[in-house]
Amino acid sequence: MEDIGKMEKKADRTIITVVGKDTVGIIARVCTYLAENGINVLDISQTIVQGFFNMMMVVDMKGASKPFGQCAKELEQAGEEIGVSIKCQREEIFNKMHRI
């Protein structure tokens with residue numbers, strides 16, 4: 001039964017990637033959306049290389065006020081508004097796609 005609990009916890013985890021030209025407010029916009037929708041940031045890494053912004057977040061969707069698909073679509077739209085690409089993938093799908 002313990003393995004089922006671990007699987008349920010992992011099922012709520014989502015990978016969010018943000019890529020684009022660096023500008024003021026990218027992190028604020030993404031984190032504000034997450035906070036307003038009950039999504040908890042578990043881990044975050046961001047870099048800026050020669051003016052290009054790259055961020056990867058691991059978030060917990062367990063407390064989200066909206067379904068995964070709606071959040072993914074709204075974040076993608078928010079990214080378009082600020083000139084970056086925002087993609088959301090469930091952790092298990094992300095892991096399967098990025099196996100070596």
Side-chain angles (χ1 to χ4, degrees):
M1 287 300 208
E2 204 170 302
D3 287 337
I4 292 172
K6 286 181 184 176
M7 285 181 4
E8 287 174 1
K9 285 182 184 176
K10 286 191 123 184
D12 294 327
R13 288 170 42 146
T14 296
I15 308 301
I16 298 174
T17 55
V18 183
V19 178
K21 196 135 176 71
D22 187 34
T23 187
V24 173
I26 298 171
I27 296 171
R29 179 73 181 265
V30 174
C31 289
T32 297
Y33 177 89
L34 298 176
E36 288 174 349
N37 289 282
I39 301 168
N40 187 37
V41 176
L42 301 173
D43 202 357
I44 183 172
S45 172
Q46 68 105 86
T47 57
I48 299 168
V49 178
Q50 295 186 6
F52 292 95
F53 180 88
N54 184 29
M55 178 169 66
M56 181 173 168
M57 306 173 90
V58 179
V59 302
D60 183 358
M61 298 282 295
K62 183 175 35 192
S65 59
K66 298 175 184 173
F68 170 83
Q70 184 177 353
C71 290
K73 184 176 181 178
E74 290 176 357
L75 279 165
E76 187 173 337
Q77 290 170 341
E80 289 172 5
E81 291 171 10
I82 58 173
V84 297
S85 171
I86 301 178
K87 301 294 181 198
C88 300
Q89 287 183 298
R90 295 200 182 272
E91 183 182 42
E92 64 271 15
I93 302 298
F94 184 89
N95 286 337
K96 288 179 182 175
M97 288 180 61
H98 293 89
R99 282 188 189 164
I100 296 176

At what distance, to the nearest 0.5 angstrom, does OG1 of Thr14 lie from CG of Leu75? 10.0 Å

Is the NZ or CZ atom of Lys21 both under 6.0 Å from the centre of the six-membered ring of Phe52 and within 45° of that ring's axis? yes

Sort out for me which residue in Ser45, Cys31, Cys88 forms a side-chain contact (heavy atoms from CB on, under 4.5 Å) with Met57. Cys31

Gap between atom CZ of Arg13 and atom NZ of Lys62 - 0.5 Å precision: 10.5 Å

Of the non-hydrogen atoms in Val19 and Asn54, which two are nearest, and what is the gap between them? CG2-OD1, 3.4 Å

Leu34-Val58 co-clustered via ILVMFWY side chain contacts under 4.5 Å: no

Could you grab the distance from atom CE of Met61 to atom CD1 of Ile16, nearest 0.5 Å is fine? 7.5 Å

hydrophobic_cluster_shared for Val18 and Val41, side chain cutoff 4.5 Å: yes

For Gln70 and Tyr33 the tightest heavy-atom approach is O-OH, 4.3 Å

Other residues, nucleotides and ligands only: do more than 12 of their heavy atoms fall within 6.0 Å of NZ on Lys73? no

When rounded to the nearest 0.5 Å, the distance separating CG of Asp60 from CG of Asp12 is 5.5 Å

For the atom pair OG (Ser85) and CD (Glu80), what is the distance rounded to the nearest 0.5 Å? 8.5 Å

Under 3.5 Å, side chain of Asn37 to main-chain N/O of Ile39, donor-acceptor pair present? no

If every non-hydrogen atom of Phe53 is compared with every non-hydrogen atom of Gln46, which pair is closest and at what distance? CE1-OE1, 3.4 Å

What's the separation between atom CD1 in Ile44 and atom CD1 in Ile27, rounded to the nearest 0.5 Å? 5.5 Å

Indicate, with yes or no, if Ile86 and Val59 share a hydrophobic cluster defined by side-chain heavy-atom contacts under 4.5 Å among Ile, Leu, Val, Met, Phe, Trp and Tyr. yes

